[in-house]
Amino acid sequence: MAVTGDETETGSAADLTTCQLRNPSCSHPQVVSEASAYSSKKSIEDALQKREHRLMKNREAARECRRKKKEYVKCLEDRVAVLENQNKTLIEELRALKDIYRHKVE
DNA sequence: TAGACGTAGCGTCATGGGGC
DNA sequence: GCCCCATGACGCTACGTCTA
């Protein structure tokens, strides 16, 4: 998993870094400045909880997104296989018809 | 057998779009 | 505007395969 010291997000009250989540005693400067924006311990806990919830939701969304993408790619691959078969069949059919036509002309 | 390399899967972040 | 969701991008780990 990629965890760098400078991870931040913008705009939300749940802005706390991953390093603080993993190590509550983290004194990373950004964490300190962000955490100081909260008036009480309660609101910090609240923000952490919100962040955790958001990360969990996004984790699940990413998993689902990958699953759908894989399914889509599989679908395309199957379609390619079907079309290739159809193409082969049509080419052979055309060849056979050309043969018949040639014999009639001769 | 150790190291290089390729691939799959994962978590996180950033961002755009839609709903309210 | 704010919130939520979907998704691309990135970095990391685990694992399999190849080669010296």
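By convention in this document, chain letters (A, B, ...) are assigned in the order of the sequence lines, proteins followed by strands, and residues within each chain are numbered from 1. We use all heavy atoms of the structure for the numbers below, so side chains are in, but hydrogens, waters and symmetry mates are not.
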Peer 1: To the nearest Å, how far apart are A:Glu60 CD and B:dC10 P?
Peer 2: 13 Å
Peer 1: Roughly, in whole Å, what's the span from NZ in A:Lys68 to P in C:dA6?
Peer 2: 6 Å
Peer 1: Drop me the distance from A:Glu92's CD to A:Leu90's CG, to the nearest 0.5 angstrom.
Peer 2: 10.0 Å
Peer 1: I'd like to know if A:Asp78 and A:Lys74 make a salt bridge, using a cut-off of under 4.0 Å between side-chain N and carboxylate O.
Peer 2: yes
Peer 1: Expressed in angstrom and rounded to an integer, what is the separation of A:Arg51 atom CZ from B:dG11 atom C1'?
Peer 2: 11 Å
Peer 1: Quick one: A:Glu64 CD to C:dC5 C1', roughly how many Å, whole number?
Peer 2: 12 Å
Peer 1: Rounded off to whole Å, could you give me the CZ-to-P distance for the A:Arg59 and B:dG9 pair?
Peer 2: 19 Å
Peer 1: Using OP1 and OP2 only, check whether a side-chain N or O of A:Lys70 sits under 4.0 Å from B:dG9.
Peer 2: yes
Peer 1: Between A:Ile91 and A:Asn87, does a side-chain contact (heavy atoms from CB on, under 4.5 Å) hold up when you go through it step by step?
Peer 2: CA-CA 6 Å; A:Ile91 286 172; A:Asn87 198 31; 4.1 Å; yes
Peer 1: Nearest whole angstrom, please: distance from the P of B:dG11 to the NZ of A:Lys57.
Peer 2: 15 Å
Peer 1: Need one value for A:Arg63: base, sugar-phosphate or nothing, where a base atom within 4.0 Å counts as base even if backbone is also close, heavy atoms only.
Peer 2: sugar-phosphate
Peer 1: Answer with yes or no whether A:Asn58 presents, from its side chain, a donor or acceptor under 3.5 Å of a partner atom in the base of C:dC5.
Peer 2: no
Peer 1: Just how far, in rounded Å, is P of C:dC2 from CZ of A:Arg54?
Peer 2: 15 Å
Peer 1: Flag the pair A:Arg67 and A:Glu71 as a salt bridge only when some basic side-chain nitrogen lies within less than 4.0 angstrom of an acidic carboxylate oxygen.
Peer 2: yes
Peer 1: For the pair made of CZ in A:Arg67 and P in C:dT7, what is the distance, rounded to whole Å?
Peer 2: 11 Å
Peer 1: Does a nitrogen or oxygen in the side chain of A:Arg66 sit under 4.0 Å from OP1 or OP2 of B:dT12?
Peer 2: no
